[in-house]
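Reading through the structure tokens given below for one structure.
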Amino acid sequence: MAHEYQHIKFDYREGVGHIVLNRPDTLNSFTQVMHDDLKAALSFLESREDLRGLILTGSGRGFCAGQDLSERKPLPAGQKRDLGLGIENNYRPLVLRLRALPAPVVCVVNGVAAGAGASVALACDIIFAVKSAKFIQAFAKIGLLPDAGGTYVWPRMVGTQRTMGAALFAEPVSAQRAEEWGLIWRCIADDELESTIASVHEHLAKGATRAFAATKQAVYASGGNTLEAQIDYERDLQRELGYSDDYLEGMMAFGEKRPPRFSGR
Ligand code: T3D
């Protein structure tokens, strides 16, 4: 039976998945049900041979306020909660599956992104954020460290000082500052949210999907490679792309001075 989504909205058209985190009353904070929904949506996307991209956003005024803290009510005296379990079972697979998806994952941050909500947004391949959005490393306020890849992604994107400052002081980082820092690709006007989602959809649905996927693979592999190893890796990926329909079409379109019509194959 098809999965019935409760805490997200999920749609798939022209090879592009759209996930909308959908608990606006709690700023789309992560529940177990939302994680189960996300797992089902990702399984669907991973099964599609025609996949060309994924767009992730939130409903209402927030993107995601991280873990739903109402699911972390204090336990009876003497008992302690194993917080590693939620990371192992939910956040780890979520972030790793987004990274492994063989197509770009674009996050359009529509409002505040806090705690694991910020980590998940920033684990995406490209991030847009509306001007009123902010990123908050809220963890320290409840006695935790940034998780869901928060201590991996931030220092690589913005350096140690900004990472430490944002994490230890838990001060909101505005979308404009996030763009200046290189934490996100682009800060957009609030009223450009829908048009940005539409144009990103168009770009993914009509783009050179295999080239996008190879670019994603190569960029993430570079962190663990020497220059020599990386150039070798690029060579191997480029060789594969050279055999693709999209490369033939791109070259033909160039010669004929017309826009390419990429099939994604
Ligand atoms: O536990 C584990 O598994 C370990 C893993 C942890 C990962 C994490 O994500 S830990 C970090 C968890 N998140 C937070 O600590 C953030 C908590 N939220 C906030 O600090 C603030 O809500 C924001 C700064 C994000 C936004 O502030 P503001 O003033 O714009 O909105 P608000 O009024 O605080 O929130 C609106 C409603 O959403 C409110 O409900 P109400 O009063 O209208 O009924 C609020 O309680 C609810 N809400 C916000 N965040 C959460 C939440 N409800 C449950 N869980 C939340 N995380």
Side-chain angles (χ1 to χ4, degrees), residues 9 11 13-21 27-28 51-66 94-95 98-99 101-137 146 148-150 152-159 161-163 165-166 171-209 211-220 222-223 259 262:
K9 288 190 254 179
D11 180 28
R13 48 201 149 86
E14 298 181 289
V16 181
H18 288 253
I19 293 179
V20 182
L21 305 177
L27 305 178
N28 305 315
L51 178 69
R52 303 190 82 166
L54 168 62
I55 301 173
L56 174 65
T57 189
S59 67
R61 73 175 178 90
F63 169 71
C64 177
L94 173 59
V95 166
L98 291 173
R99 275 291 167 99
L101 213 61
V105 178
V106 181
C107 189
V108 185
V109 180
N110 56 299
V112 64
S119 298
V120 169
L122 297 172
C124 294
D125 302 317
I126 300 175
I127 305 121
F128 292 83
V130 297
K131 198 170 168 202
S132 64
K134 49 197 173 181
F135 298 84
I136 311 179
Q137 294 294 66
Y152 183 92
V153 168
W154 278 72
R156 281 165 176 76
M157 296 210 279
V158 302
Q161 277 301 302
R162 287 163 172 168
T163 300
E171 273 175 25
V173 176
S174 69
Q176 259 175 323
R177 176 159 289 183
E179 183 189 297
E180 285 158 23
W181 283 4
L183 194 59
I184 66 169
W185 164 239
R186 191 158 289 163
C187 170
I188 56 172
D190 283 40
D191 63 5
E192 285 174 346
L193 179 76
E194 292 307 327
S195 60
T196 299
I197 291 174
S199 70
V200 169
H201 175 99
E202 187 77 359
H203 190 69
L204 296 178
K206 306 228 163 105
T209 307
F212 291 169
T215 304
K216 174 171 175 172
Q217 266 177 276
V219 167
Y220 291 133
S222 71
F262 292 123

### Query
Do other residues, nucleotides or ligands put more than 12 heavy atoms under 6.0 Å from Trp181 CH2?
yes

### Message
I'd like to check Val120 versus Leu98 (side-chain heavy atoms, cut-off strictly below 4.5 Å). Are they in contact?
### Response
yes

### Task
Kindly check if the number of other-residue, nucleotide or ligand heavy atoms within 6.0 Å of CZ (Arg177) is above 12?
no

### Query
Are the side chains of Asp191 and Val130 in touch, meaning some heavy atoms are under 4.5 Å apart?
no

### Task
To the nearest 0.5 Å, tell me how far Ile127 CD1 sits from Leu183 CG.
6.5 Å

### Task
Please examine the side chains of Thr209 and Phe262, heavy atoms only from C-beta on, and report whether any two atoms are closer than 4.5 Å.
no

### Query
Are any of the side-chain nitrogens in Arg13 or Asp11 under 4.0 Å away from the carboxylate oxygens of its partner?
yes

### Any Trp185 side-chain heavy atom under 4.5 Å of Val106 side chain
no

### Task
With rounding to the nearest 0.5 Å, note down the distance linking SG in Cys64 to CG in Leu27.
9.0 Å

### Message
Looking at Lys134, I want to see if its NZ is surrounded by more than 12 non-hydrogen atoms of other residues, nucleotides or ligands under 6.0 Å.
### Response
no

### Task
Examine distances only and state if a side-chain atom of Ser59 and a backbone atom of Leu21 form a donor-acceptor pair shorter than 3.5 Å.
yes

### Task
Report yes if the side chains of Phe212 and Asp125 come closer than 4.5 Å at any heavy-atom pair, otherwise no.
no

### Message
Between Glu192 and Phe128, is there a side-chain heavy-atom distance shorter than 4.5 Å?
### Response
no

### Task
State, with a plain yes or no, whether a side-chain heavy atom of Arg52 is found less than 4.5 Å away from one of Glu14.
no

